[in-house]
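Heads up: the structure comes next, in structure tokens.
All chains are named by letter (A, B, ...) in the order of the sequence lines, taking the proteins before the strands, and each is independently numbered beginning at 1.
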Number of protein chains: 2
Amino acid sequence: MKKAVIIVAAGSGSRMGGELPKQYLELMGKPLIMHTLERFTRFDPEMKLVVVLAPAHKKLWEQMAGSYELARGVTLANGGATRYDSVKNGLTHIDEGIITGIHDAARPLISQDTLSRSYAAAVREGSGIPVIEMDESIRMLNQQGGSVHMDRSRLKRVQTPQVFRSDRIKQAYQQAYDPAFTDDASVYESVYGPVTLVEGNRENIKITTPIDMKLASLLIDSVE
Amino acid sequence: MKKAVIIVAAGSGSRMGGELPKQYLELMGKPLIMHTLERFTRFDPEMKLVVVLAPAHKKLWEQMAGSYELARGVTLANGGATRYDSVKNGLTHIDEGIITGIHDAARPLISQDTLSRSYAAAVREGSGIPVIEMDESIRMLNQQGGSVHMDRSRLKRVQTPQVFRSDRIKQAYQQAYDPAFTDDASVYESVYGPVTLVEGNRENIKITTPIDMKLASLLIDSVE
């Protein structure tokens, strides 16, 4: 089946400090977002690439695209006021009948195996959401100002790409925004019921702070 | 009030590969466990230090102690078959009326502020447990083989040291082991009710894999 990915790169990345949005920061001599895009074209060279950009970053994108042929083949969409609006804008560039991932630009360490598992689950069952184990003990705050210990073997950390059949995820994004929609899986689930979880890869961190950027530079060459 | 810490260093550290248990691996030219001990004596030079060791590692400890005076002033306790047994052995070396932290040897990046908050809460309220925010979306597996999205603003990742009034934590560890005891806070809580949560520090990771070791070497000098 045909595949696509919507790379959400509309955030300002304010926690990195500095002027340049994090997706344009260099990681081993190449903008972070180019690493991310390359993971997807390596998985499927025919994959349609949609990048959702903040309008204010369009100049930055064009400068970068001057140096990277892959960037020139990308379909651009406008970022909205919220992540929900941004994804919705991205989905207008996706036809029905396509398996579509929605991925954070700031996750360049996605492995080929994780991509394979996520897209395959979406073909088979409508959705594929990569998750990993929780390493630490977890507590949940309760209404009384206290907290209760949680069974961490039942808790999973959710990564991206969250992958869906395009007809379904486009339909799900026709709903009015609800604060319970904290990721694409929760939007899908509100219409189509339980999503399918697959194994992610531990290195697939979301780069948020300068420390994450250092960690990513240590890891980037070791992730297949 | 008098303070103590029990450093639990009885694990085999099998995920690091290699022969040497991780607590003896060098981080910036010094064994990991020495960094951890130094954080506590810097916080309070009078603090009593108890280290719980696997009996098989005693030789390693003695070799190391030849080079580090601080290690020679430590009280050693024998590791047990489980973490629960190890902590219980460590507690036999702690008198009543002392504020006692229980800390993973593999967390050398604990900040002075986190120590201060954790010990102060235990003086004031009986327990002080450092926690940090959750960065990622979380799902909880349910009985039906599906999963539900969790409100991550209510979930906290638990760090160490978990700090307690010694009379209480010694008493709590008189119970028979229960599989629900996944950390010291849960042992305490089963007798004395809700623990007090304080803010931890994000760098305070538990070193488990070679990647964590690299990350720790990047961070060690920046944590006060």
Point to revise | Steps toward side chain to side chain contact (heavy atoms under 4.5 Å, CB included) verdict (B:Leu197, A:Leu141) | key: CA-CA 10 Å; B:Leu197 305 184; A:Leu141 306 184; 3.7 Å; yes
Check your understanding: So which residues of residues 143-158 of chain B are in contact with chain A at a heavy-atom cut-off of under 4.5 Å?
Key -> B:Gln143, B:Ser147, B:His149, B:Met150, B:Ser153, B:Arg154, B:Leu155, B:Lys156, B:Arg157, B:Val158
Review point. A:Ile205 versus chain B, heavy atoms under 4.5 Å apart: side chain, backbone, both or neither?
Key: neither
Point to revise | Derivation and outcome, side chain to side chain contact (heavy atoms under 4.5 Å, CB included), residues A:Ile138 and B:Ile138 | key: CA-CA 11 Å; A:Ile138 303 295; B:Ile138 303 295; over 6 Å; no
**Study point:** Heavy-atom pairs under 4.5 Å with chain A, option from B:Ala185, B:Ser186, B:Gly193 with the top count
**Key:** B:Ala185
Check your understanding: Between B:Met140, B:Arg139, B:Glu189, which shows the greatest number of heavy-atom pairs under 4.5 Å with chain A?
Key -> B:Arg139
**Study point:** A:Glu136 side, atom CD; B:Thr160 side, atom OG1 - distance, nearest 0.5 Å
**Key:** 10.0 Å
**Study point:** Residues of residues 168-175 of chain B contacting chain A, heavy-atom criterion under 4.5 Å, by residue number
**Key:** none
Practice item. Give the C-alpha distance, both sets of side-chain angles, the deciding distance and a yes or no for side chain to side chain contact (heavy atoms under 4.5 Å, CB included) between B:Leu219 and A:Ile211. Key: CA-CA 8 Å; B:Leu219 295 175; A:Ile211 291 166; 3.3 Å; yes
Check your understanding: How far does CZ of B:Arg202 sit from OG1 of A:Thr209, to the nearest 0.5 angstrom?
Key -> 7.0 Å
**Study point:** Neighbour count above 12 (heavy atom, 6.0 Å) for A:Lys30 NZ
**Key:** yes
